[in-house]
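Reviewing the structure listed below.
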Amino acid sequence: MRTVHNFSAGPGALPRSVLTQVEKDLFSYRDTGVSVMELSHRSAPIVELINDTTDRFRALLELDDKWEVILLQGGGSLQFVMAPLNLSMEGDHVDYVDTGYWSQRAIKEVGRCHRDVHVFSNGRPGNYDYLPGPDDIKTRQDARYLHICTNNTVVGTQWHQLPRVDAPLVIDASSDLLSRHIPLDNVNCLYAHAQKNSGLAGVTVVAVRKSALLPDQGLPYILDYRSHIDQHSNYHTPPVFSIYVTNLMLKWLEYDIGGLDMMSQLNTEKSQILYDAIDNSDLFSCPVIQKDRSQMNVVFSTGSKETDAQFIAYCQENNMTGVAGHRSRGGMRVSLYNAVTLDDIQALIDSMHTFEQYN
Ligand SMILES: *Cc1c(COP(=O)(O)O)cnc(C)c1O
């Protein structure tokens, strides 16, 4: 049993069984007599590990051979740059939706990529407590793509239905990949770092439609998806340990949880009991409108900075960590990534009840 309930927004909690396996393998990976960190990235066990990991992503995301799947470094942040460079050309129209913190970081980076950027919003600048409706965005006729963040980690919103637009989508799913099915029929590219929901920091998965890759534009090789595709995610030394832990997470999701449908059901249940507790409370409230609430990051507050701080301290004393809101927002934010259990959430709800009684 865990002794601390970890609601960290990222890097997120890992399942106990994954950590136990890491401990077991630490000094000798698959009978090689050396740890996974010390093996050549060209050796057979590591090449197999990389291929098995991309295959597992492919299977869990139900990607056919129209897609390429690669594992990269540089986090979600590098994809803010690599996606526009690979999926559009200088001067092209590219459309973005501003839904708060991380989407803004993506918009800031593309602003330096010499593209013609248009930004959509929900029409209420500064208020990110709800998303534009699925039919509210009309992409420009020749837009290469529309970029969205599927789950807004900081403000606690999530697209439960992707926007219906003419342009293909590029999605940053860093904080909800493998938490649910995301329909990919109008998606050209999906990227997500692993450290929130699907593995360890240091590895980022990119799935890109072959048909969306443009002819060679003379990009630096390291920034060109094709270098990594051609070399099967082994173009340069990959982050082997991160890939290894991510591989364990994918196996855990498949064998311990029972696959993506089961994970999705569980995540719905997990977030539902917490939102119910907040909505039924006289002390706590959630600013996000019901239909756009995130199943991954639950944002709430008491309306008083002092009381919020007291509640966060109270959680810490009771072995609950990662409850404080993002530094830009204050209040509370509880992240319910895949590895967070119903028991963890029940412990939090119990603390909310007790705290409320004394306030
Ligand atoms: C955390 C986060 C990022 C940033 O990822 P890094 O790996 O730190 O670069 C990007 N997008 C979203 C949606 C995030 O939640």
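Numbering starts at 1 and runs along the sequence shown. Order of appearance sets the numbers: ligands from 1, and atoms from 1 within every ligand.
The hydrophobic cluster around L214 extends to M89, counting ILVMFWY residues whose side-chain heavy atoms fall within less than 4.5 Å of a member.
Judged as a side-chain contact (heavy atoms from CB on, under 4.5 Å), and not counting sequence neighbours, the contacts of I107 are Y96, D98, V119. Partners of Q316 according to the side-chain contact (heavy atoms from CB on, under 4.5 Å) rule, which considers only residues two or more places apart in sequence or in another chain, are T321.
Taking a heavy-atom cut-off of under 4.0 Å, ligand 1 is surrounded by G75, G76, S77, F80, W102, C149, N151, T153, D172, S174, S175, H193, Q195, K196.
The closest side-chain donor-acceptor pair between D344 and T341 falls under 3.5 angstrom. Under 3.5 Å, the side chains of T153 and N297 contain no donor-acceptor pair of N or O atoms.
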D230 and Y235: side chain to side chain contact (heavy atoms under 4.5 Å, CB included), yes or no, with the steps?
-> CA-CA 8 Å; D230 292 347; Y235 172 68; over 6 Å; no

